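Comments concern the structure below.
Here is the naming used below: chain letters follow the sequence lines, and residue numbers restart at 1 for every chain. As the structure is a computational prediction, the values presented were derived from the model and not from experiment.
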2 protein chains.
Amino acid sequence: MTQKLSHYATLSPCSLDNIARLEREERAYQKGVEIHQVGERNANLYVVRHGWLYSYADMKDGRRQIVEIHHPGDIIGFPDIAFNERTTVLRAAEDVLLCPFPKKDLDEVFTSAPQLAALLFALAVRNQVVLTDFLRANGRMNARERIAYFLLDLMARLRIANKMMTTTFRLPLNQTEISDVLGLTNVYVSRSFTALQKDGLIRRENGTVEVLKEDELVRLCDFVDHHTRIDTSWFPSG
Amino acid sequence: MTQKLSHYATLSPCSLDNIARLEREERAYQKGVEIHQVGERNANLYVVRHGWLYSYADMKDGRRQIVEIHHPGDIIGFPDIAFNERTTVLRAAEDVLLCPFPKKDLDEVFTSAPQLAALLFALAVRNQVVLTDFLRANGRMNARERIAYFLLDLMARLRIANKMMTTTFRLPLNQTEISDVLGLTNVYVSRSFTALQKDGLIRRENGTVEVLKEDELVRLCDFVDHHTRIDTSWFPSG
DNA sequence: CGATCGGTTGATAGGAATCAAAACCAGTGG
DNA sequence: CCACTGGTTTTGATTCCTATCAACCGATCG
């Protein structure tokens with residue numbers, strides 16, 4: 001996490017200290033396990049150490065919407081700290097390692113590390129922009145465009161942690177899960193993926209995706225990267 | 001704004017002081033005016049004094065997605081403080097009054113009013129939950145359900161400011177705008193509204209909507225109110 | 001009074017859902 | 001080594017919801 005946060009701002013020793021405290025404990029979960037359910041009391045947040053997870057919301061009739069995908073270095077649970085109960089289900093997309101820490105630790109951050117507080121705040125609101133982009137994709141794009149958007153968004157996020165990343169990456173989600181991200185069906189995800197591949201924009205190989213024509217994908221969905229850089233000029237210096 | 005924020009927590013004098021400083025200036029905009037465009041430098045945030053506004057994102061071919069509706073008491077621009085440039089267009093849905101204040105004023109809040117900082121933080125992440133609900137609506141609901149969701153969401157928000165509110169409210173958005181919120185077309189919004197009215201769930205009268213069977217609307221879209229209450233137990237006391 | 005805007009209604013088209021079956025693939029175990 | 005299993009992807013046929021295109025109506029306004 002330190003690495004991911006330091007990507008955005010130079011942190012004071014005090015802030016770094018606070019971060020370290022958040023990653024004391026470590027816990028493993030197997031692929032497919034649901035770490036918490038809607039309605040549970042949420043005492044903890046989590047830092048992702050290893051593996052992908054996602055958060056989703058169900059409707060009573062089984063329709064499902066995945067609302068966020070969590071990668072190593074991410075903090076899980078911010079959206080819920082404003083509530084007493086979880087609003088989404090958290091599920092491990094593969095075998096994962098998490099560092100749980102109590103919500104109460106945040107108050108320490110706010111009183112003693114204003115700089116870190118500002119950074120967390122900035123990341124929280126950045127997330128709103130990301131969700132907003134996502135909303136535009138789900139609301140106004142057709143299936144091909146959504147897949148394009150989905151791949152570019154993932155790449156932008158993965159590049160933060162791994163600056164050397166090429167255009168090939170592992171995608172540990174099946175097509176049903178992807179369809180639940182994009183508001184489609186697994187069948188149509190399959191068809192759209194195949195179409196993109198036939199047009200030579202991407203290539204797939206057991207669990208990995210290679211983006212062959214990134215610029216064309218970008219044009220396809222008007223992609224703008226809101227992950228890589230954020231404005232830290234207004235931060236307090238402490 | 002004081003009223004809206006006090007709805008959630010008892011604020012210290014210092015916090016109240018900080019809020020007052022944010023509402024010194026006041027500026028009027030006419031219906032339809034676009035207060036800022038995508039790509040402009042964003043030095044200011046705004047507190048809404050009067051009237052409705054909305055933020056939207058366009059695609060090059062004209063498709064549009066409204067990503068947020070702003071009501072009196074709301075702060076506009078949080079999502080953008082993480083960036084140097086605006087990511088959405090802000091537009092007045094009717095004649096409005098705004099209080100602009102510089103982004104830099106926030107640093108003062110973070111260093112001197114940790115309680116207010118925590119509240120703003122909580123509201124920012126609460127917004128993520130709201131966006132997430134919205135995403136579920138756009139991703140997995142049909143037209144009728146989306147309209148139901150849209151109306152209930154508006155009511156929940158309006159009730160914060162006006163606790164006595166009945167089930168009738170003003171809706172200063174035309175059907176094209178509503179379609180841009182819900183990822184539909186103006187034509188289909190008209191049909192769906194008419195259908196809901198024919199079924200006796202709602203009633204419309206020149207610019208106002210009356211919800212006749214709230215519980216049925218709630219069932220229709222599995223609505224959960226994430227506006228009314230937030231958890232403030234972890235806040236620092238200062 | 002013509003013009004414009006917002007809402008409604010009708011006819012048609014199309015994109016994605018749905019249903020169903022087949023193909024594929026990695027294990028697993030006999 | 002091969003049959004068997006469960007999960008995943010692919011393919012095909014059909015349906016349906018919503019988009020699209022177009023006309024019309026009513027209200028408002030200069």
Side-chain angles (χ1 to χ4, degrees), chain A residues 30-33 52 59 61-65 91-95 137-150 170-199 202-209 220-221, chain B residues 30-32 52 54 59 61-66 91-95 137-150 170-198 202-209 220-221:
Chain A
Q30 283 196 317
K31 170 175 179 167
V33 167
W52 290 28
M59 294 184 64
D61 61 7
R63 283 175 285 181
R64 171 169 300 180
Q65 176 71 46
R91 189 179 160 119
E94 53 185 336
D95 292 350
N138 266 336
R140 289 306 188 192
M141 293 182 196
N142 64 30
R144 282 180 131 246
E145 294 164 340
R146 290 189 211 182
I147 301 267
Y149 171 80
F150 173 69
R170 210 168 51 87
L171 180 52
L173 298 174
N174 66 35
Q175 294 185 351
T176 300
E177 290 167 325
I178 297 173
S179 74
D180 286 333
V181 175
L182 299 177
L184 299 166
T185 55
N186 58 344
V187 174
Y188 219 72
V189 167
S190 171
R191 290 194 220 274
S192 308
F193 255 122
T194 309
L196 285 178
Q197 182 154 4
K198 204 170 319 176
D199 292 354
I202 63 168
R203 200 152 50 98
R204 290 171 300 163
E205 208 161 334
N206 58 347
T208 69
V209 178
L220 193 55
C221 61
Chain B
Q30 283 197 319
K31 170 175 178 165
W52 291 27
Y54 55 84
M59 293 183 65
D61 61 7
R63 284 176 285 181
R64 171 170 300 181
Q65 175 71 47
I66 293 178
R91 190 179 159 118
E94 53 186 336
D95 292 351
N138 267 337
R140 289 306 189 192
M141 293 183 196
N142 65 31
R144 282 180 131 245
E145 294 165 340
R146 289 189 214 183
I147 302 266
Y149 171 82
F150 173 69
R170 208 169 52 87
L171 180 51
L173 298 174
N174 66 35
Q175 294 185 349
T176 300
E177 290 167 325
I178 296 173
S179 74
D180 286 333
V181 175
L182 299 177
L184 299 166
T185 56
N186 57 345
V187 175
Y188 217 73
V189 167
S190 171
R191 293 194 219 273
S192 307
F193 255 122
T194 309
L196 286 178
Q197 182 153 6
K198 204 171 316 173
I202 63 168
R203 200 152 50 101
R204 291 170 299 163
E205 208 161 335
N206 58 348
T208 70
V209 178
L220 192 56
C221 61

Taking it one step at a time, do A:R91 and A:V33 satisfy side-chain contact (heavy atoms from CB on, under 4.5 Å)? CA-CA 6 Å; A:R91 189 179 160 119; A:V33 167; over 6 Å; no

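- Salt bridge annotation for A:E94-A:R170: present, with a cationic side-chain nitrogen under 4.0 angstrom from a carboxylate oxygen.
- Donor-acceptor pairing under 3.5 Å, judged by distance alone, is present between the side chain of A:R191 and the base of D:dG12.
- Closest to the side chain of A:Y188, from the set D:dT20, C:dT8, C:dA17, is C:dA17.
- Closest approach to the A:N142 side chain among C:dT8, C:dA16, D:dT11 is made by C:dA16 (side chain taken as heavy atoms from C-beta onward).
- Separating the CG atom of A:D180 from the C1' atom of D:dT8 is a distance of 14 Å, rounded to the nearest angstrom.
- Set against D:dA19, C:dA17, D:dT11, the side chain of B:L184 has D:dA19 as its closest nucleotide.
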Test log, rule side-chain contact (heavy atoms from CB on, under 4.5 Å), inputs B:L171 and B:I178: CA-CA 10 Å; B:L171 180 51; B:I178 296 173; 4.0 Å; yes

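- The nearest whole Å value for the distance from the CD1 atom in A:I147 to the C1' atom in C:dG15 is 14 Å.
- Contact annotation: B:S190 does not reach the phosphate of C:dG7 (side-chain N/O to OP1 or OP2, under 4.0 Å).
- Between A:R63 and B:E145 a salt bridge is recorded (basic side-chain N to carboxylate O distance below 4.0 Å).
- Checking the phosphate oxygens (OP1, OP2) of D:dT8, a side-chain nitrogen or oxygen of A:N174 falls inside 4.0 Å.
- Atom CG of A:N186 and atom P of C:dC19 are 12 Å apart (whole Å).
- Regarding B:L182, its CG atom lies at a distance of 18 Å from the P atom of D:dC17, rounded to whole Å.
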Show the numbers, then the answer: is there a side-chain hydrogen bond (donor to acceptor under 3.5 Å, both in side chains) between A:Q197 and A:R204? CA-CA 8 Å; A:Q197 182 154 4; A:R204 290 171 300 163; 2.8 Å; yes

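- Contact annotation: B:Q175 does not reach the phosphate of C:dC5 (side-chain N/O to OP1 or OP2, under 4.0 Å).
- B:I178 places its CD1 atom 12 Å from the P atom of C:dG6, with the value rounded to the nearest Å.
- Put simply, B:T185 has no side-chain N or O that comes within less than 4.0 Å of OP1 or OP2 on D:dT18.
- Out of D:dT18, C:dC19, C:dG10, the shortest distance to the side chain of A:V187 is found at C:dC19.
- Within 4.0 Å of B:G183, counting heavy atoms only, lie sugar-phosphate atoms of the nucleic acid but no base atom.
- One interatomic measurement links the two molecules: CD of A:E94 to C1' of D:dT8, which rounds to 17 Å at whole-angstrom precision.
- In this structure, the CZ atom of B:R140 is 13 Å from the P atom of C:dA16, given to the nearest Å.
- One interatomic measurement links the two molecules: CZ of B:R144 to P of D:dC16, which rounds to 17 Å at whole-angstrom precision.
- Judged by closest nucleotide on DNA chain C, B:V189 is the one of B:V189 and A:A143 placed further toward the 5' end.
- Checking the phosphate oxygens (OP1, OP2) of D:dT10, a side-chain nitrogen or oxygen of A:R204 falls inside 4.0 Å.
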